[in-house]
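So the structure is just underneath, and the comments pick up after that.
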Amino acid sequence: MSPARAMVQDANGAAAAAKPLANSSKLPKEVSDCTYELIESVAQFLLDRVSIRPKIGIICGSGMDGTTGCLADALTDSTSFPYETIPYFPTPTVPGHMGRLVFGYLGDVPVMCMQGRFHYYEGYPLWKCAMPVRVMKLVGVTHLLASNAAGGLNDKYRVGDIMIIKDHINLLGFAGNNPLMGPNDERFGPRFPAINRAYDVNVRRMAKQVATEMDINNITHEGVYSVVGGPSFETIAEIRMLGALGVDAVGMSTVHEVITARHCGMTSFAFSLITNKSVTDYESYEEPNHEEVIDMGKQREPVLKEFITRLVKKIEDDRDE
Ligand SMILES: O=P(O)(O)O[C@H]1O[C@H](CO)[C@@H](O)[C@H]1O
């Protein structure tokens, strides 16, 4: 079998094979096998093959990560690693999640970007879904920016709106499932991390400034996200329950990534693109579906790209002050 290769894009965006990579090794089976040293070796593998040192890591949600014109395609001087070429990395199974880790410059800011994430319903345990966040940390990333597609419960939200996440309800955690379950390595973080300030207030303030500058305040909100296990969408009774709990938008991702990021001291920020309205009426014939989720992601791609590009610049400027 030929060795796995990273793809490098030249100035015209043409893909070229970079130097050969070692064959990917098998994924750890147990959380106890996914040691600090193993994550360190994955980070080193990447650092050996890219020259830029990103401090901002981006995770692209459904519909925002797979098509031409998507955020990762906007990166310049990029080096891209298909997930299957990275040792110990999981591979995504969901349509709309491309499966590449891309290093490059967004504007003039060095970033690393996950084009495709991992969800619990794909069959991976949550610690494995969130493992790339720890890789980001050991690559040197200090800020995680995650996007997702979500169903809108809040009556004020319209399809195509953006919700800056101010807090979450971790329903998977309520059911005894958390990415930090299993042995804890203090080199990542404490056994019992605080999570009440998970969505950084300063970055949220910057995001609201960006919305004002882009004149998209009318479609931008701040609200509470809840994660469900999926892959089935919610019943009407479940949506009504979530609404009663104060949830503004519901999805099947992000929370495990943010918990993992906070555990290892990263600053985190996340937002939802409202891709569908949650159905609350027993008389309704509407049914959510993944195709509309991806379509809305594609439609909003230019706005989201600009939103993230401006936010990344603000974070970088803030760091320099
Ligand atoms: O959260 P992201 O990955 O954006 O994807 C969302 O879209 C999919 C459902 O259409 C689910 O995976 C849900 O979590």
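When a ligand or atom number is given, it counts from 1 through the structure's own listing order. The analysis underlying the following values was restricted to heavy atoms, covering all of them including side chains, and did not include hydrogens, waters or symmetry mates.
- Here the two rings, on F89 and F81, have centers that are 6.0 Å apart or farther.
- Those atoms of ligand 1 that come under 4.0 Å of a heavy atom in G61, given as number and element, are 4 (O).
- Judged by distance alone, the side chains of H143 and D200 never bring a donor and an acceptor atom under 3.5 Å apart.
- Close contacts of ligand 1 with N148, meaning ligand atoms under 4.0 Å from a residue heavy atom, involve 1 (O), 4 (O).
- Ion pairing between a basic and an acidic side chain is recognised when a charged N comes within 4.0 Å of a carboxylate O; K313 and D318 show no such pairing.
- Nearest to atom 9 (C) of ligand 1 by heavy atom, out of H119, H290, E122, E291, is H290.
- Of the candidates M296, R117, M252, E292, R117 brings a heavy atom nearest to atom 2 (P) of ligand 1.
- Of all atoms in ligand 1, numbered sequentially from 1 with element shown, those under 4.0 Å from a heavy atom of Y121 are 11 (C), 12 (O).
- Aromatic pair F269/Y199: centroids not less than 6.0 angstrom apart.
- Residue Y225 has no N or O atom closer than 3.5 Å to an N or O atom of ligand 1.
- Sorted by first then second residue, the ring pair (Phe, Tyr, Trp, His ring centres under 6.0 Å) pairs that include residues 205-244, not counting sequence neighbours, are Y157-H221.
- Considering backbone and side-chain N/O of S253, one or more are found under 3.5 Å from N/O of ligand 1.
- Ring-plane geometry between Y124 and F118 is classed as perpendicular, the angle between the planes exceeding 60 degrees on a 0 to 90 degree scale with a lower cut at 30.
- Residue V293 touches ligand 1 through its side chain alone, judged by heavy-atom distances below 4.0 Å.
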